[in-house]
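Below is one structure, written out as C-alpha cells; the observations come after it.
The analysis underlying the following values was restricted to heavy atoms, covering all of them including side chains, and did not include hydrogens, waters or symmetry mates.
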Number of protein chains: 2
Amino acid sequence: MAKFSVIKQHLYQKIASGEWPENHLVSSENALAQQFNVSRMTARRALQELADEGLVLRNKGSGTYVAPLKSQTSFMAIRNIADEIANRGHQHQAIVHTLKAQPASPQVAEFLQVPVASKVFFSVITHLEDGVPVQVEERYVNPSMATHYLKQDFTKLTPHEYLSAESPLTEASHQIEAVSPSAQLCEWLRLSKPEPCLRIIRRTWSHAGIVTYAVLTHPGSRFVLGGHLTFKS
Amino acid sequence: MAKFSVIKQHLYQKIASGEWPENHLVSSENALAQQFNVSRMTARRALQELADEGLVLRNKGSGTYVAPLKSQTSFMAIRNIADEIANRGHQHQAIVHTLKAQPASPQVAEFLQVPVASKVFFSVITHLEDGVPVQVEERYVNPSMATHYLKQDFTKLTPHEYLSAESPLTEASHQIEAVSPSAQLCEWLRLSKPEPCLRIIRRTWSHAGIVTYAVLTHPGSRFVLGGHLTFKS
DNA sequence: TAGTGGTCTAGACCACTTT
DNA sequence: AAGTGGTCTAGACCACTAT
C-alpha cells in the first residue's frame, strides 16, 4: 500500500474511533512526515485527501482540524428495508444469491480502505415485498468488522440488522443515481425488460472504521424514495 | 493566480469550448510542463484536479482523456442548482421554455391546496452546466405566495432564489424516483434517445402555507446525487 | 517569531500501455 | 523501447496565524 495511504488509514482510525473528536487538532504535515519517515509532500497528500473528502478542515497558519459531523441534511433516514416493508403492512422476504469471501477488486479495496486482493465478504440478496422484488442488495463487508458475516442466515435477518448489531453504525455517505439495469439485475429483479432503476450506493462507518459498501438497486416502477426536510429557521 | 490554476484554466477552455470533444486525448504531464515552463509536479496537479472534478479520465500508460459529460452534486442541489453548479466552478445558465398563468389541474390543485381550475403560475426551465442540460424544472406556484412571479427574469435568478426571497421557505418534502423521460423532456434535456432519469418531486412550504410544487428531472448519465449522513443516537 | 498550510522545483523509480 | 501516469524525495519560498 502506498505511503500516503498508510497515513490516511492512521488518521482515519483516529477520527472514526472518536479518539480525535470534532474540531480536534490533527497532526501537522511536518509531524506526520517525521512520524512516518516520509517527505512532507507525502504527508501533505494524506491530509489533503482527507480534506477533499470532508473529514478534516485545513486552516492556513493555524492547523488541520477534525471536521464537525454534518447532521444538517438528515434528508434520508437510514432505514432497514425489512422494517420499511413491515411498516407498510406488507410481507418481507429475502433471497440470498451469493454469500462468500472473495478478493477485493481495486474499486472495492478503495471503498473499504483495505488492501487490493485482500479477502472481503460479498453478498447479493433480492428483497421482495409481498413476493415482488423491490431491491437487489450487492454488499461488500470489511471482514475485520464482522467476522461471522458468512455464517448468517440472511433470509431471517437483513445484513443491515446484523451489521448494526455487530458494530453500531455512526455515519453513512450516499450516492443516488438513475441507471439502466444489467441483464443480471433484470433477472434478480424479475424484470422482463430493462426499466430505469434507482440506485443507492452507500458506505457505512462505525466508530472503528469503514464497515460496508452496498449497492442497492430498485426498479423505478416499484420504488419511490421519500424524505422530509425542515429548513433552518 | 497559481501556476497549476493557469494550466487548469487553459485545459478547461479547451474542453468547454468543444475544441477537445469527449474522449479526446489531453496533453500529457510532460508536454504541459514544457509548454508552461513548470515542473512536472505542477502540470500534474492541474490534470489531477480536473480528474477529481470528473472532467478528464486518466489511464496509466495510456494518457489523459476528456471524460464523457457527467456531473455530481450534493443534496444541496435540492435547494438551489445554480449555487451547486457555481460551487463546482462551472457556469450555470437557464433557458425559460414556459412562464405563464394557467388553471390548476385536479392534481396540481391537490398538491398546492388551491381550488381546481383556479389560476396558478407555471414555469418550465432547463438548467445547463457549462452548456450541457442537467435539469429540467417544471414548477407550479401558488399565486398568492408570489404575486409577481411571472414578471421575473429566470435566466438571471432561479425560481428557488426568487421564492426564497419572497417568502422564507420553512419546509420541504421530497420524492425521488427513476423514470424514463417523455419525448418532450428528451428535447428539453437534449437527449437524442431516452435514458434513465432521476426525478425529484418537491413540495415547499413557508409559514403561510404551500408555496410551490416542482418536478426536477435529471439525466442519469449527467447527474449523481451525493450526500453525507450522520446517525443520531 | 515560530509554526502552519500553499505552492513549486528538479530530480527519481515504478508499473503500465502502446508501438 | 518509448511514453504515460503514480508515487516519492529533499529541498525552497511564501502568506497566514498564533503567541
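- With the end axes of the helix from C:dT1-D:dA18 to C:dT18-D:dA1 each set by five pairs, the angle from one to the other reads 0° at 10° resolution.
- Nearest to the side chain of A:Lys3, among C:dT9, C:dG6, D:dT9, sits D:dT9.
- In this structure, B:Arg45 reaches the sugar-phosphate backbone alone: every heavy-atom distance under 4.0 Å involves primed, P, OP1 or OP2 atoms, never a base.
- Out of D:dG6, C:dG11, C:dC8, the shortest distance to the side chain of B:Met41 is found at C:dG11.
- In this structure, B:Glu29 places its CD atom 14 Å from C1' of C:dA15, rounding to the nearest Å.
- Counted within 6.0 Å of CD on B:Gln34, heavy atoms from surrounding residues, nucleotides or ligands total 12 or fewer; the atom is thus considered open.
- Screening B:His160, B:Arg202, B:Arg139 for a side chain to side chain donor-acceptor pair (under 3.5 Å) with B:Thr212, the sole residue that qualifies is B:Arg139.
- Taking only side-chain nitrogens and oxygens, B:Gln48 comes nearer than 4.0 Å to OP1 or OP2 of D:dG6.
- The residues B:Glu29 and B:Arg45 are annotated as not salt-bridged, no charged nitrogen and carboxylate oxygen being separated by less than 4.0 angstrom.
- Nearest to the side-chain atoms of B:Thr64 among the listed nucleotides D:dG5, C:dG5, D:dT9 stands D:dG5.
- Among C:dC8, D:dG6, D:dT9, the nucleotide with an atom closest to any side-chain atom of A:Ser39 is D:dT9.
- Below 30°, between 30° and 60°, or above 60°: for A:His10 and A:Trp20 the angle between ring planes is above 60°, a perpendicular geometry.
- Note: CD (B:Gln34) to C1' (D:dT4) measures 15 Å, nearest angstrom.
- Protein atom CG of A:Asn30 is 12 Å distant from nucleotide atom C1' of D:dG11, rounded to whole Å.
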